[in-house]
K.L.:
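One structure, pasted below without further comment.
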Protein chains: 2
Amino acid sequence: MTPTVFLVDDDDAIRDALSWLLQSRDLNCRSFASAEAFLAQWNSELAGCLLLDIRMGGMSGLELFDRLLELGNRLPVIFLTGHGDVPMAVSSLKKGAFDFVEKPFDDNELVNRVLEAIALDSRRQAAAASSGSLKGRLESLTSRERQVMALILAGKFNKIIADELNISMRTVEVHRAKLFEKMGVRTAVELSQLMSGQPPGP
Amino acid sequence: MTPTVFLVDDDDAIRDALSWLLQSRDLNCRSFASAEAFLAQWNSELAGCLLLDIRMGGMSGLELFDRLLELGNRLPVIFLTGHGDVPMAVSSLKKGAFDFVEKPFDDNELVNRVLEAIALDSRRQAAAASSGSLKGRLESLTSRERQVMALILAGKFNKIIADELNISMRTVEVHRAKLFEKMGVRTAVELSQLMSGQPPGP
DNA sequence: CCAAAAATTGTGGATATCCACAATCCGGCC
DNA sequence: GGCCGGATTGTGGATATCCACAATTTTTGG
């Protein structure tokens, strides 16, 4: 999905100016006049980032943020704020907000932060895709294969694994081969690297 | 070293009250009336956390924070602030500050954050000690051993490694054995786990 | 130049891993 | 009951890893 800047602000003038700015920088932009309007369109597959005004009529920016967290939102959130409130800023950052920008803001500064937020979203997307693929493979393993895998990853020899599980070495070999096939690896080191998220190397 | 709360505030009343509070909770506390006084005592081995007032005569809390970062400070820093300033809070958090507490604060709330900061410092200490030990071992490796290690971690067989390095398989075995000895592992999987920071397993 | 470290290689033998081919048993499902 | 997937095991043979014992060559530092 093409990254989009989702802009939520009940001030028409701000919304129009920001839309214009973002589009002049070749960024996709969709704007919403209320938190409720955005929430009605929200889904977990959105890509890009969210520019969110804190103070609005109806549902506030902070309330929307909390609701999105509950729903499992993954868009980076940049808050637009006109009045400082340190505990709220600290608290939101700790909850995972990406940034705070105070009005009035510098155009270039804002666009840079938006670009950074979009780049972060892309990186998270790629990591999630990779993780999902790994997850599917792990789910395909039988109970016995999982046991054998844990012991392999502990660096144990087949003979030791056989002793610990009270089975023959031949059986360990069978599970091991099946496990490697399902995980798409050829050696125990590849499996270890795969499980720890490291690149396979040269 | 015993964890200590380092308190830096030019307001005598605040400093005395905080000292009393922290000591009533069995926390070691050392207070300083100025940023300069703390800086003169600072060293990189301090353990605990730093409670730092933002606004002070002479060097400000923020200036001290930046200076400490330059010096490689590792103490978690909790800022005490009497007046909100969101961009400054956001910026400091992104630079690695641990938290912000606005005056007047709740005693229990403050102590909890101090305890959390001290616990974080302890965890970081343990991780640094472990990392240093690994670093020393890595530094003991010869150039050839390093090359062989990279190829082992890539999951390659000795025969392939020999081909790539234009040496005999016997030589690969020698380097491999020496490498495992220096790194304190018995198998390639153990080495892989060690290098990726994973626990060795059951 | 000399000593030590690093790199390299070989032989023979042992252990570890891998697998084609084959087979049996058990539990769950239709 | 029959079928299927999972678990288990064996045989024989091949490849991979490990290393004691031994030796030579190259590089580095004093």
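Remember, predicted model here, so these are calculated numbers, not experimental data. Only heavy atoms go into these numbers, but all of them, side chains included; no hydrogens, no water, no symmetry mates. So you know, we letter chains A, B, ... as the sequences are listed, proteins then strands, and number each from 1.
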K.L.:
Distance check: side-chain N/O of B:T142 vs OP1/OP2 of C:dA7, anything under 4.0 Å?
P.N.:
yes
K.L.:
Nearest 0.5 angstrom please: A:C29 SG to A:F6 CZ, how far?
P.N.:
9.0 Å
K.L.:
Please state whether the phosphate of C:dA6, meaning OP1 or OP2, lies under 4.0 angstrom from any side-chain nitrogen or oxygen of B:S143.
P.N.:
no
K.L.:
Take the protein atom CD of B:E145 and the nucleotide atom C1' of C:dA7, then report the distance between them rounded to whole Å.
P.N.:
10 Å
K.L.:
Is B:R124 salt-bridged to B:D121, cutoff N-O under 4.0 Å?
P.N.:
no
K.L.:
So, B:E109 and B:R113, do they make that salt bridge, N to O below 4.0 Å?
P.N.:
yes
K.L.:
Quick test of your reading of the model: are A:D107 and A:R25 salt-bridged, counting only N-O distances below 4.0 Å?
P.N.:
no
K.L.:
Any Lys/Arg nitrogen of B:K103 or B:D11 sitting under 4.0 Å from an Asp/Glu carboxylate oxygen of the other?
P.N.:
no
K.L.:
To the nearest Å, how far apart are B:Q147 CD and C:dA6 P?
P.N.:
15 Å
K.L.:
Starting at the 5' end of nucleotides 8-25 of chain C, put B wherever the base has a protein heavy atom under 4.0 Å, S where only the sugar-phosphate does, and a dash everywhere else.
P.N.:
BBBB-----BBBBB----
K.L.:
Of B:F105, B:F100, B:F98, which is the lone residue that meets ring pair (Phe, Tyr, Trp, His ring centres under 6.0 Å) with B:F79?
P.N.:
B:F100
